[in-house]
Amino acid sequence: MLEFFKEGLLQFLSYSGFGNCTWGHIIMICIGLVFIALGIIKEYEPLLLVPIGFGIIIGNIPFTDGLQVGVYENGAVLNYLYFGVVKGFYPPLIFLGIGAMTDFSALISNPKLILIGAAAQFGIFAAYITALLLGFSPMEAGAIGIIGGADGPTAIFISSKLAPSMMGAIAVSAYSYMALVPVIQPPIMRALTTPQERLIRMRPPRAVSHREKVLFPMMCILLTAFLVPTGLPLLGMLFFGNLLKESGVTKRLANTASGPLVDIVTILIGLTVGASTQATNFLRPASVLIFVLGAFSFVIATASGVLFVKFFNLFLKGDNKINPLIGNAGVSAVPDAARVSLVEGQKYDRTNFLLMHAMGPNVAGVIGSAVAAGILLSFLY
Amino acid sequence: MKSIYKYIFTVVALFAVTATFGQSVHDLRLNEMMIKNVDNYADEYGRHVPWVEIFNTAYNTVNITGCYLTDDTTGLAAAGKKGGEVPARWYRIPTDQKMYMPQRSFLIFYLDDSPLYGPYHASFSPEKSKTHYIALISSNGKELLDLVEYPVELRDTSRTYGYLLDGVRDPKAFKQGKRQEGELDYLGEFTPASSNETGAKISKQDKLKRDDPYGIGMAIISMAVVFTALIMIYIMLKIFNYVSRRSTQKSKAKTAATPAAAMPAKAGDEKDDIVDGPTCAAIGTALHLHFGSMHDEESEIITINMPSKHYSPWAQKELTMKRNPRR
């Protein structure tokens with residue numbers, strides 16, 4: 001009888017997490033806890049970091065294979081939820097929500113700001129070149145480079161197509177750096193600008209009419225999708241969401257897209273991407289390199305935006321000049337990057353409100369990164 | 001030229017150029033051909049007849065309707081003229097059929113002198129021809145899109161002849177009526193409606209590794225495309241801005257044309273037909289104080305000068321509100 005109990009207990013232990021735990025699992029669970037802490041205590045992108053952090057914990061609970069509980073096991077519930085990430089249909093749904101939430105007025109009223117959003121995409125291609133030099137294949141390099149777009153859904157969409165095996169590391173890296181925008185960007189902005197430049201006051205934008213706001217998404221989808229059809233899933237949903245918002249007659253749809261729908265997809269994408277970072281797949285030298293390259297592309301993207309504004313200012317006069325502190329907002333971390341511009345600007349002039357000006361390049365960055373993603377797909381997929 | 005027309009012209013020109021060069025019959029090639037077909041590729045009636053394969057080298061759909069296939073180009077100059085007759089041995093690809101070739105696709109035409117058999121059957125046969133070439137001519141009958149001169153022996157051998165690398169030709173040499181050595185040759189395998197490159201296939205990734213090992217070329221092209229896309233949006237927004245400004249000016253002018261506004265202006269007010277906001281505010285306040293019988297002596301200074309703002313107007317809630325009620 002005692003033998004039976006002993007055997008049963010040992011068998012149970014062999015199935016439990018304690019029996020299968022490795023150092024890798026513990027490290028990953030700690031990373032998950034750090035993510036949750038950053039989200040709750042520091043409030044860095046809590047809507048993303050909390051689900052991802054919890055997903056990392058779920059994904060790294062040790063278990064015996066074959067129980068159909070892991071995210072990579074066919075038939076597991078988590079595997080079904082992960083399907084939306086693998087097949088890339090969560091990111092376009094998030095873009096639908098982003099479109100329904102975004103007000104493009106700042107961009108429409110001051111069109112030149114859109115070029116900052118284009119310049120900041122240089123980070124993607126700088127990281128692509130560097131990744132190639134480090135020995136990654138072109139497809140992997142493309143997937144890593146997209147981290148520089150500072151756009152989580154786009155990073156997931158591209159990596160699911162170009163380098164599925166790296167998707168966990170790329171997604172976590174992209175979201176981590178998006179959350180760390182307030183930490184990463186300010187030193188670069190300060191290093192690349194002079195005190196005089198930081199004090200530049202920009203002309204208040206004009207009022208934008210309802211007609212312009214309605215026409216904007218329709219014209220944009222025609223212009224961008226004809227040029228880069230591969231970006232259609234992202235661009236199409238982004239502008240469709242925006243049309244729902246601006247048309248004024250589809251408020252219910254816009255509210256659903258920007259509210260419950262995007263919330264549900266954010267929960268699913270955050271949790272499953274987090275769960276996909278199982279220690280066995282995640283703790284590899286390549287993951288470390290992905291994180292390093294991600295940081296590099298982020299730095300280059302920010303610097304490109306700021307430097308482009310400085311260059312652009314050479315051709316602008318008077319109150320047409322742009323404060324280079326909004327250059328960082330060319331990366332598409334909406335609205336965090338724009339908020340960083342505001343905070344930095346107010347450090348030097350408390351009465352200079354750069355937020356709405358920075359929203360222009362910020363939303364341009366969303367369009368730019370979706371276009372860049374389309375180009376990467378057309379070259380590499 | 002007014003700036004609005006400049007912008008509109010730029011956008012239209014951009015689209016026109018893209019459309020013209022994007023969907024061009026100049027991307028078509030006579031990729032592969034077989035003159036003596038004994039027991040190879042059969043047509044839809046099971047017959048073994050000569051055939052030619054057209055390849056769309058472009059990365060977009062090309063409409064080949066109206067183009068001509070022939071083995072006799074002597075009437076090229078005459079046919080291109082207005083009212084010029086189309087020579088007998090020219091087969092016009094029918095307009096009533098769907099002849100849209102998707103990107104990098106192949107299409108087979110049977111050269112069997114049996115046009116009644118269907119749209120893919122030409123009205124001439126190279127077996128009966130005095131020449132030994134096949135040509136593809138544009139729909140206006142003026143331009144030679146491609147011409148492949150095959151060895152006379154091809155009529156006696158059951159082999160195919162064509163581009164060794166799908167549709168790759170030297171444009172300069174072609175213009176001069178010449179061919180680069182090794183461009184065309186007998187093909188090792190019959191590949192109707194598929195690629196002639198039957199050797200080990202190079203994947204997209206390997207090709208990129210080979211042609212652009214450091215990724216600089218791709219980075220430059222990609223950045224150019226990103227900028228192009230956003231510059232197009234920029235131009236569109238500039239048009240928006242211009243139209244918006246014009247409509248504001250028009251509505252101002254309309255307001256000024258109303259009877260109340262048409263009252264004679266005071267001396268010195270010739271510049272502005274419309275009473276501006278601060279003036280309205282000052283008059284309104286004065287009337288309000290007058291009718292309200294309020295103090296004679298004011299503790300504050302009333303001025304019509306604009307106050308200097310020590311803050312960004314973005315902080316003002318009123319500026320974020322719409323003027324007109326929304327549905």
Side-chain angles (χ1 to χ4, degrees), chain A residues 107-112 114-115 117-119 121-122 124-126 128-133 137-139 141-142 145 201-202 204-212 215-216 219-220 223-224 226-228 231 248-249 351-357 364 367-368 371-372 374-376 378-381, chain B residues 11 14-15 18-19 22 59-60 203-245 247-248 309-316 319-327:
Chain A
L107 192 65
I108 299 170
S109 64
N110 196 354
K112 61 178 176 283
I114 201 168
L115 299 177
Q121 305 313 317
F122 185 66
I124 294 175
F125 302 104
Y128 170 77
I129 293 170
T130 316
L132 280 181
L133 291 173
S137 73
M139 286 172 100
R201 273 175 182 263
M202 293 172 67
R206 67 173 175 84
V208 174
S209 70
H210 177 241
R211 188 185 299 167
E212 286 173 275
L215 282 173
F216 179 79
M219 299 299 286
C220 278
L223 293 173
T224 53
F226 265 83
L227 196 64
V228 196
V249 291
T351 60
N352 197 3
F353 292 85
L354 291 173
L355 183 66
M356 285 310 291
H357 299 295
I367 302 171
V371 171
I375 299 164
L376 284 175
S378 59
F379 267 105
L380 303 167
Y381 190 51
Chain B
V11 173
L14 208 65
F15 268 105
T18 314
Y59 285 90
N60 54 268
S203 72
K204 217 174 184 180
Q205 205 174 171
D206 290 337
K207 206 175 170 192
L208 208 63
K209 256 186 195 173
R210 185 192 65 193
D211 300 338
D212 188 21
Y214 303 113
I216 293 167
M218 198 191 98
I220 292 170
I221 295 171
S222 304
M223 280 308 287
V225 176
V226 171
F227 265 99
T228 307
L230 297 191
I231 285 172
M232 279 159 66
I233 298 177
Y234 168 77
I235 293 170
M236 177 193 81
L237 294 178
K238 287 297 266 186
I239 295 171
F240 277 9
N241 261 333
Y242 180 83
V243 173
S244 169
R245 227 179 19 245
S247 66
T248 313
K309 289 177 180 169
H310 299 297
Y311 53 88
S312 162
W314 279 109
Q316 282 183 306
L319 287 179
T320 60
M321 290 178 181
K322 283 184 68 66
R323 289 183 181 188
N324 301 321
R326 288 179 69 169
R327 270 186 288 171

Check whether A/Ala141 gets within reach of chain B through its side chain, its backbone, both or neither, counting any heavy atom under 4.5 Å. neither

pair A/Leu376-B/Met218: side-chain heavy atoms closer than 4.5 Å: yes

What residue, out of A/Leu215, A/Val371, A/Leu132, A/Ile114, has the most heavy-atom pairs lying under 4.5 Å from chain B? A/Ile114

Measure distances from A/Leu355 to the heavy atoms of chain B and classify the residue's part below 4.5 Å as side chain, backbone, both or neither. neither

Between atom CD of A/Glu212 and atom CG of B/Leu237, what is the distance when rounded to the nearest 0.5 Å? 8.5 Å

Side chain, backbone, both or neither of B/Ile221 within contact of chain A (heavy atoms, under 4.5 Å): side chain

Can you see which heavy atom on B/Met223 is nearest to which on A/Ala118, and at what distance? CE-O, 3.4 Å

Residues in side-chain contact (heavy atoms from CB on, under 4.5 Å) with A/Ile129, at least two apart? A/Leu133, B/Ile216, B/Ala219

Please state whether the side chain, the backbone, both or neither of A/Ile124 comes within less than 4.5 Å of a heavy atom of chain B. neither

With A/Phe216, which residues qualify under ring-ring contact (aromatic ring centres under 6.0 Å, His included), at least two apart? A/Phe104

Side chain, backbone, both or neither: which part of A/Tyr128 has an atom under 4.5 Å from a heavy atom of chain B? side chain

Can you find a heavy atom in the side chain of A/Gln121 that is under 4.5 Å from one in the side chain of B/Ser222? no

Does any backbone or side-chain atom of A/Thr130 lie under 4.5 Å from a heavy atom of chain B? Answer side chain, backbone, both or neither. neither

First locate atom CG of A/Leu115, then atom CD1 of B/Ile233, and finally report the distance between them rounded to the nearest 0.5 Å. 10.0 Å

